[in-house]
Amino acid sequence: MRTIGVIAEYNPFHSGHRHQLTELRRAFGPDCALVCAMSGNWVQRGEPALTDKWSRAAMALAGGADLVLELPTLWAASSAEAFAQGGVALLAQTGVVDTLCFGSEAGELAPLQAAARCLQSEAWREGLRRYLDLGLSFPAARQKAAEDLIGPAAQCLRQPNNNLGIEYLKAMETLGSAMSPYTIPRSGAAHDDRETGQGPHVSASYLRSRILQEDPAPLTPYLREEDELDLRLNPASLTFCTRGVLAKLRSMEESDFAQLPDSGEGLANKLCAAARQASSLEELYALAKSKRYTHARIRRMVLWAFLGLQESQRPKALPYLRVLGFSPRGQRVLREMKSAARLPVVVKPAHAAKLEEEARRVFQLEARCTALYDLCRRYFGEEPGINEFTQNPVRI
């Protein structure tokens, strides 16, 4: 049985994701197993997921996934490079995933592999430093340095899913992964397109925007009706906890901000000053923003500050594999992982008590992050909070 891995946020799981899983079964056969490494309650853009990780795991299983494993917050809410390294390592450490699949605008591996090799070269790093010193933003400097080395092939770096695929390829090379890469063309709206509801698929950003704005128009066929009802019931956003976030940031000193990831180049001091002036999160981001610092980088730093996390708390390697949900076929994969996995597999919360010290520390950090997630619900307090130590995996 082929076992195919996918790295995703499913924020939320929609028709485009279902299409990808369907295409994988078409490509690898109906009996292949689909294993998803999915972000937990916090995602890469520096926000809480629209709904909790167990609900999203259930949506993914209903949409064709067989086994959903959690990418912990320390990797999930990080830069594209750290996100990719965490996701690739997670799938590799299962010992059973033989192929890593991802969607891309390019729809073929050759240009992505060329770009990945370029971004791992010393010549590219020298070019990046040179353009940054000239005052270019990081994305612009990154692009120019690559174009100097590989010319038109660097155009693939201008598209978001290509970029993430390139990071997966880099991570596979760095980790010495034996998994084979496989890409399928991304179809439908662009990654962060919030403007359109046309075509066979729309972006997750568009769906989040509609739900958070409480737009009553139905979102079928992009979401299953039951999933849409669940998502609309009590969605989460960091803006629902604005005062809590600002209170946390205003209690921090410049030295505390310096412990956050990607806090160099004076950004720690700038964010500290912005936190004392801002009256909203958007104002906070705007005050800290500059040509050198991307909006996403600032949002992630704010999130880590709110969660009380420091870069030093992220281990060099994933310490365990956490199961969020599985189907009957996924249960068979779990049985294979009993002997093949290179990390402890946490199926029931009680398994966490048997982890070694560092792994238990990471699990406890995740439990704290989950407790804070409840504060970001639109209707906080109207339903019981989620407890990491009692929540069992979803089964379908």
As a test of understanding, state which of [options] forms a side-chain contact (heavy atoms from CB on, under 4.5 Å) with [X].
X    : options          : value
L372 : V245, L307, L303 : L307
P12  : T51, L223, L219  : L223
V323 : V346, V394, L334 : L334

From [X] atom [atom1] to [Y] atom [atom2], the distance as rounded to the nearest 0.5 Å:
X    : Y    : atom1 : atom2 : value
Y320 : E366 : OH    : CD    : 5.5 Å
L71  : Q44  : CG    : CD    : 10.0 Å
R276 : L287 : CZ    : CG    : 13.0 Å
I396 : R329 : CD1   : CZ    : 10.0 Å
F83  : L74  : CZ    : CG    : 14.0 Å
Q313 : Q310 : CD    : CD    : 5.0 Å

Centroid-to-centroid, [X] to [Y], below 6.0 Å?
X    : Y    : value
W42  : Y373 : yes
F363 : F389 : yes
H201 : H19  : yes
F240 : Y379 : no

Do the non-hydrogen side-chain atoms of [X] and [Y] ever get within less than 4.5 Å of each other?
X    : Y    : value
V35  : I4   : no
S39  : R56  : yes
R314 : E311 : yes
T390 : P349 : no
P235 : L212 : yes

Using a distance-only test with no angle check, is there a side-chain donor-acceptor pair under 3.5 angstrom linking [X] and [Y]?
X    : Y    : value
Q120 : R117 : no
E225 : T220 : no
Q259 : S263 : no
Y222 : D227 : no
T94  : R342 : no
T99  : S180 : no
T370 : N41  : yes

Using a strict cut-off of less than 4.0 Å between a Lys/Arg side-chain nitrogen and an Asp/Glu carboxylate oxygen, indicate whether [X] and [Y] qualify as a salt bridge.
X    : Y    : result
E167 : K170 : yes
R232 : E228 : yes
R142 : E147 : no
E47  : R299 : no
R224 : E226 : yes
D256 : K248 : no

Parallel under 30°, tilted from 30 to 60°, perpendicular over 60°: which one fits the rings of Y10 and F13?
-> perpendicular
Mind running side chain to side chain donor-acceptor pair (under 3.5 Å) on Q331 and S327 for me, showing each step along the way?
-> CA-CA 6 Å; Q331 191 168 26; S327 68; over 6 Å; no
Checking salt bridge (charged side-chain N to carboxylate O under 4.0 Å, His left out) for the pair K53/E388: CA distance, chi angles, key distance, verdict?
-> CA-CA 11 Å; K53 57 193 176 186; E388 287 276 359; 2.4 Å; yes
Can you confirm whether more than 12 heavy atoms, excluding those of [X], are under 6.0 Å from its [atom1] atom?
X    : atom1 : answer
E356 : CD    : no
R395 : CZ    : no
K289 : NZ    : yes

Salt bridge (charged side-chain N to carboxylate O under 4.0 Å, His left out) assessment of R378 paired with E214 = CA-CA 11 Å; R378 188 194 299 276; E214 299 187 272; 3.5 Å; yes
Could you walk me through whether R360 and E357 pass the salt bridge (charged side-chain N to carboxylate O under 4.0 Å, His left out) test, one step at a time?
-> CA-CA 5 Å; R360 283 202 314 273; E357 183 178 355; 5.7 Å; no
Which residue, R25, R2, R332, forms the salt bridge (charged side-chain N to carboxylate O under 4.0 Å, His left out) with D66?
-> R25
